[in-house]
Amino acid sequence: MEKIGLKVRARAKEALENREVDEVMGWKKGEFWYDVYPVFITEANEADDLIWDAFCVNNLSKYLIQKQKENKKVGVFLKGCDSLGFNQLLKDNRIDRDQVVIYGLPCVGMVDPEKVKKEGLNKGLLEIKRSKDEITFVTKEGEKKILGRQFDYDKCLACRYPNPVVYDELLDTEIAREVSEMDRFKDVEAIEKMSITERFEYWSNQFSKCIRCNACRNICPACSCEKCVFDNVNAGVSSKASVDSEEQFFHITRAYHVAGRCVDCGECTRVCPAGIPLDQLNHKIMKDINELYGKYDAGVDVSQDAPLVTYKLDDADSFTEHGKGGK
Amino acid sequence: MKKILKSQISQLWKRINQSYELFIPIEKDNKVNFSMWQEGDQVNLEILKTNSSPKNIIFPQTETYLQFEKNGKKINMESVGGKKEAYVLFGVRPCDVVSFNLLDNVFLREPVDRFYEERRNKGIVISMACSDPEETCFCSAFGIDPENAVEGVDVATWDMGDKILWMAQTEKGKMFTQSLKDLLKEATEEDEEACVQLKNNIKEKVKNLPLSNIDMKKIDKSMKDLFESSIWEDFSAQCLGCGSCTYVCPTCHCYDIQDFDGGKSGERFRCWDSCMFSDFTLMAHGNPRKTQKERFRQRFMHKLVYYPNNHGTYACVGCGRCIERCPVHIDMVKVIKKLGGEL
Amino acid sequence: MQRIGVFVCWCGTNIAGTVNIEKVIAAAGEMPGVVYAKDYQYMCSAVGQNLVKNTIKEQKLDRVVIASCSPRMHEATFRKTAKVAGLNPYLVEVANIREHCSWIHKNKEEATKKAIALTRAAVAKVALNTALIAGEIGVESRALVIGGGIAGIQTALDIAEAGYEVDIIEKSPSIGGKMAQIDKTFPTLDCSACILTPKMVDVSTHPNINIYTYSELENVKGYVGNFEVTMNQRARSVNMEKCIGCGICTDKCPSKKAKSEFEEGLRNRSAIYTPFPQAIPNVPVIDREACIKFKTGKCGLCETVCPAGAIEFSQEDTKITKKYGAIVVAIGYDIIALDKFGEYAYTNHQDVITSLEFERLTNAAGPTGGKLVRPSDHKKPKKVVFVQCVGSRDKTERGKTYCSKICCMYTAKHAMLIRDKYPDIETYVFYIDVRTPGKNFDEFHRRAVEEYGVNYIKGMVGKIFPDGEKLQVHGVDALTGDTIKIDADMVVLAAATKAKEDAEDLGRKLSISTDTNNFFTEAHPKLKPVETHCAGIYLAGACQGPKDIPETVAQASGAAAKAIGLLSKDKLVNNPCISEVDEKICSGCLACTKICPYDAITSKVITFNDHGKITKRVVAQVNKALCQGCGGCTVACRPGAIDIKGFTNKQILAEVDALCR
Amino acid sequence: MSVEAKETVMGNKNEFEPLIVAFCCNWCSYAGADLAGTSRLSYPANVKIIRVPCSCRVNANFVLRAFQRGADGVVIAGCHPGDCHYSTGNYYTRRRFSLLTNFLEYVGIEQERFKVDWISAAEGNKFATVMNDVLEKVHRLGPNRKLRDARWKR
């Protein structure tokens with residue numbers, strides 16, 4: 001990743017120097033070993049701040065919405081999952097493709113700080129370096145290398161698009177990763193196997209953890225509304241009360257609003273401060289869409305109509321006795 | 001100084017639970033939070049920072065304080081809310097205890113918030129020293145000693161591994177300790193020495209923390225300069241506008257008052273609000289803080305400038321929860337350093 | 001606070017019999033915003049309407065709820081009443097306490113409770129109603145008639161006579177439809193062609209009528225008064241202007257193995273053909289699938305022999321787009337395929353035929369010159385069996401549940417025609433019921449039995465199978481229970497009528513609905529039999545349901561009258577309950593545009609000036625004339641930026657809340 | 001009032017009276033309900049109908065709101081596929097609510113409590129049958145507490 005980091009800086013510098021773009025979005029290192037945050041730079045000398053490491057988990061594409069409103073041409077670094085989000089934003093007309101230069105970054109996976117902490121490897125940790133699946137833990141005492149993906153985010157372990165699906169330039173060679181399609185929805189299947197009472201208990205327990213912070217929504221590349229229905233006081237559904245019913249309403253609606261639009265980047269689950277497995281909700285809807293209306297991966301192909309804004313005359317349904325959708 | 005062996009600790013919970021509601025860090029689905037203890041719960045005293053702060057116990061996220069019912073053309077109203085049951089809050093870390101004091105500054109000054117006052121009066125706060133401060137801790141920047149009892153605790157405790165040392169700090173704490181005298185043993189001299197040792201260890205650890213260098217004095221510009229600083233533009237651009245920082249924060253105390261319209265009946269409640277939200281302080285004419293920049297600035301100016309102006313102390317206790325929770329790692333420390341000219 | 005008035009109708013005892021009106025009035029008086037509540041026996045009567053009118057004025061009501069029958073019945077009535085009283089008509093809501101309450105519940109207490117709940121929901125909704133003003137749109141004074149059968153012909157003639165331009169679009173190479181194939185018509189037995197062909201000529205010569213044959217409707221955009229229709233005129237391969245209709249080409253054409261559609265496959269035709277001698281236009285068409293030139297590139301004989309030089313192999317399909325104010329759908333019917341009726345041996349025996357084939361067999365212009373012979377050996381039959389209700393009134397998958405309506409009469413006609421021409425041929429008719437409602441219909445049937453000696457047997461045929469040269473017909477006489485066995489020479493099946501295969505597809509293009517049998521749905525089964533739910537589109541003939549010729553013609557004239565009524569207007573008012581975009585909230589994702597069945601939503605770029613900072617954004621915009629108010633877009637809109645007036649999100653939520661008390 | 005009479009009153013009060021909210025398309029199902037009325041086909045008074053222009057007007061929010069407000073069952077009824085007054089509205093209904101039906105079941109709401117069906121203007125009979133059927137099933141399940149807002153008093 002370090003070599004690619006050099007390329008990232010060089011490319012950003014060049015793009016700004018040549019005025020190919022007005023601004024470059026990338027990541028910058030912060031205080032701690034895991035602390036990486038998004039930065040937007042406009043001057044070539046700032047390019048030296050940019051990094052590419054195992055903690056560049058944030059998808060920068062959502063920031064493009066604001067930049068495009070200001071009519072800026074922006075260069076942006078996108079990973080595989082980020083590019084899916086980018087495409088979804090494109091599909092939702094939130095960004096203008098012509099105003100963006102995408103520097104694609106094939107990604108082997110990002111490291112989950114929680115997993116590192118759980119193994120107790122965070123004590124005195126200064127830096128984590130990654131080369132393919134070899135993780136190097138740098139401490140004052142020295143370096144320790146561990147091979148394997150045990151520190152990857154769960155979402156990265158299930159990643160189906162390690163390479164950007166849309167880009168103008170690719171900064172690294174494409175990565176080949178095999179993921180079993182069979183296991184894709186095993187989380188959903190496990191829940192489906194529960195009894196109806198168990199399921200309700202499981203979910204109401206999950207939902208009741210919610211602190212109503214909206215992080216799941218605000219990080220989501222599919223939740224790009226100018227004003228969310230839950231912030232729209234005129235919609236008649238907004239409420240900040242942390243009561244079970246409101247939380248259930250919020251979470252069902254959130255998942256339903258990203259139906260056929262969720263790119264399965266797993267960011268909602270990652271950022272949830274309460275640890276609600278929101279991806280299990282999204283996965284259920286994806287699984288049903290695939291089963292009922294044919295395979296669809298949001299964010300992969302911009303030209304394909306999203307499942308909820310199209311139909312087939314002989315679509316199946318899940319509520320009539322015959323389920324075949326006919327009369 | 002008293003002590004109790006860890007092996008007997010569950011008896012302590014049971015005993016407290018007989019006369020009080022006991023709020024304590026409980027682990028559930030890999031997350032630890034203060035919640036009401038019940039037999040069989042998995043108490044976690046090792047965790048330094050609960051997922052959310054214990055603020056929820058003294059200042060609930062949602063609190064109904066008025067119920068009304070329409071009867072013909074009349075409306076009957078009933079005041080509810082506050083807290084009637086006595087409770088014990090066990091295992092609060094010093095930073096979180098200080099956050100209670102910060103909230104007191106707001107809610108217990110005239111006009112006193114009666115519900116808040118009632119809640120505070122009903123509670124006994126038992127702190128626990130931070131044996132092992134973490135890299136995101138920066139309480140020392142605000143003069144908080146994580147090894148000691150801080151102002152506002154009724155009882156302070158220290159985790160000695162196999163036992164817990166216990167020292168009452170207030171009258172309330174003493175009476176409470178007295179009521180547990182059959183469970184709490186007198187600490188030995190060795191214990192007290194070990195405690196001193198522990199405190200020294202903690203002090204040493206705090207010194208070596210990566211954030212120990214934070215110096216609040218560096219933020220020395222005038223309020224106007226700070227208000228107009230360009231850093232708000234820079235950082236707010238990355239801020240997603242979610243409320244996770246404010247909701248996990250022990251010192252954030254903004255709230256909204258809303259009515260639940262149930263037609264014939266209904267209720268008025270207050271619930272936490274977040275200055276990060278677009279509808280925060282929304283008024284009929286619109287929002288006075290139109291963009292995320294203004295909302296972002298409000299949060300930090302409030303904690304670092306306005307509150308200190310009003311109350312003489314910063315409205316941050318350095319718990320570091322926002323550092324861990326911010327989805328994009330735009331946090332208090334970055335703002336402090338940037339305002340101090342360090343970044 | 002609003003000043004809502006609630007008016008509760010007794011509807012005589014229809015409502016008052018099961019709903020305690022007094023209690024509803026009392027409860028309504030307590031509802032938020034209600035300042036007045038009053039009952040009356042018949043609110044829709046002149047006296048009742050006056051009560052509403054006067055009260056609006058006296059009580060300064062700003063909103064009105066009428067608790068009465070279904071809004072589908074009288075919503076329009078009460079809106080007008082409000083308008084007269086100076087209140088915007090869209091500030092009226094109707095609570096349906098008759099069809100949805102008093103008529104279905106017997107327990108007075110329950111019905112009263114429900115009536116109160118429904119009234120409460122209407123009050124909650126009306127409180128959020130806003131005054132709506134209908135817009136105006138112009139009208140294109142030209143009509144389109146889809147289908148060139150008798151229904152289409154009659155409609156076109158009527159409209160044209162009224163002085164408006166009409167276009168007929170017909171799928172096949174000639175107009176005429178089913179009626180052109182029929183020999184005689186019941187109950188008068190006059191010659192079908194004799195009464196139809198003059199009308200066909202009238203159509204072709206009328207200055208106001210344009211005919212597009214061999215053409216199909218491709219798509220329809222627009223709305224009442226302003227439809228934009230694109231049709232596809234298939235390549236005829238013959239120049240319509242040049243052709244003189246001499247017929248040499250069809251005679252000389254060496255490819256003569258195609259089945260004639262007009263003759264129901266009983267005769268072959270050439271690849272270049274005119275469907276029948278009286279065809280309009282009398283211009284042949286090349287069936288490119290049968291034509292040797294098109295298949296192999298060789299031949300071209302027709303081109304050589306054509307004296308007018310009218311053959312054009314290179315012709316291509318042409319697209320024609322025109323604007324119309326009204327559309328009449330008159331695409332007619334078909335008969336069902338009989339491949340699933342194995343017991344009648346239709347698919348495997350030539351001498352088992354359908355009634356339509358029989359029409360051709362008895363027709364003097366038909367393949368046998370009107371001589372009744374068996375298709376298999378061209379011998380004259382001795383016994384002919386007719387089977388009625390083949391697939392009609394049949395609840396199984398293969399059949400149709402409805403009565404095809406015309407079979408009883410044409411079967412009597414067929415049997416009578418045989419007995420008239422060949423008294424030596426025995427005729428038998430198997431029937432379930434004989435239905436003859438219609439002027440002189442029963443008399444006609446009785447003549448068949450009494451004067452012509454047609455043997456009617458009540459019962460169904462169980463099996464038909466070949467037995468040497470004969471066809472064994474086994475059935476049961478339902479009256480005696482006897483098994484009946486007839487060694488027939490010919491069997492005629494009265495196959496059920498059905499909607500055209502492409503009816504549903506056409507319905508979708510026109511945004512009109514079809515019923516479970518794919519017949520087009522009229523707007524009201526009794527009061528709006530020729531209108532559809534889509535304003536400006538009317539129905540004529542058997543595409544709306546089985547019909548005989550007189551009924552078809554009557555409906556055609558009805559549809560024409562409606563179309564004329566529309567075309568005679570300069571301006572129309574449109575439904576104001578349509579979608580509206582809140583640009584402040586719209587994110588411009590344009591999911592709504594993909595849902596909209598009318599292409600009524602487009603996008604535009606707007607600029608915001610926020611403290612001098614200029615930002616641009618794409619937002620959706622609704623074309624008020626195109627939107628029909630289905631509301632599909634509102635659900636596609638996640639933030640609720642697009643809402644539909646009269647049925648807003650808030651209004652519906654208020655109704656939900658009010659019902660859940 | 002005698003003790004006995006008091007008890008019956010109390011008994012009635014405690015008896016489960018389900019509430020079903022039905023969203024009906026104006027052109028088909030609402031008219032079907034009208035026809036059920038005209039034909040005097042009875043179904044229980046617990047079913048309360050909200051008229052919408054098309055089944056595609058029904059937002060998932062409305063369904064959730066009804067459950068929040070104490071509905072024990074929710075019905076959405078529209079024209080049969082292919083018969084939509086607006087030609088294509090119910091095709092979207094079909095997709096949207098196939099997903100919601102499954103999704104609500106996934107979060108633990110019994111499928112019997114949420115029913116989508118196609119009822120034409122001519123199917124007064126079907127309207128009554130569907131409503132009776134839903135009610136019977138909901139009756140068997142008992143009152144719905146899931147998703148319900150405890151603050152709402154019915």
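Hydrogens, waters and symmetry mates are skipped; everything else that's a heavy atom, side chains included, is used.
Considering NZ of C/Lys616 and CG of A/Asp96, their distance stands at 7.5 Å, rounded to 0.5 Å. Atoms SG and CD, on C/Cys589 and A/Gln88 in that order, are 9.5 Å from each other to the nearest 0.5 Å. With values rounded to the nearest 0.5 angstrom, C/Arg617 atom CZ is found 6.5 Å from A/Arg94 atom CZ. Rounding to the nearest 0.5 Å places NE2 of A/His257 at 8.5 Å from SG of C/Cys637. Atom CG of C/Asp505 is separated from atom CG of A/Leu313 by 8.0 Å, given to the nearest 0.5 angstrom. For the atom pair CD1 (A/Ile65) and OG (C/Ser587), the distance works out to 8.5 Å, reported to the nearest 0.5 Å.
Minimum heavy-atom separation, C/Cys586 to A/Glu226: O-CB, 4.1 Å. Here the closest heavy-atom approach between residue A/Val309 and residue C/Lys594 is recorded as CG2-CD, 3.6 Å. When all heavy atoms are compared, the tightest approach of A/Lys227 to C/Pro639 is O-CB, 2.9 Å. When every heavy atom of A/Glu70 is checked against every heavy atom of C/Thr615, the shortest pair comes out as CG-CG2, 4.4 Å.
Of the listed residues (C/Ala654, C/Gly588, C/Ala641, C/Gly640), the one with the most heavy-atom contacts under 4.5 Å to chain A is C/Gly588.
A 4.5 Å side-chain heavy-atom check between A/Val237 and C/Asn649 finds every atom pair outside the cut-off.
Remark: C/Lys645 NZ is packed, more than 12 non-hydrogen atoms of other residues, nucleotides or ligands lying under 6.0 Å away. The neighbour count for A/Lys295 NZ, taken as heavy atoms of other residues, nucleotides or ligands under 6.0 Å away, is above 12.
For C/Cys592, no part lies near chain A; criterion is any non-hydrogen pair under 4.5 Å. With a 4.5 Å cut-off on non-hydrogen atoms, A/Ser224 touches chain C through its backbone but not through its side chain. Looking at C/Leu653, the atoms closer than 4.5 Å to chain A (heavy atoms on both sides) all sit in the side chain, from C-beta outward. With a threshold of 4.5 angstrom between heavy atoms, A/Arg254 does not approach chain C through any atom at all.
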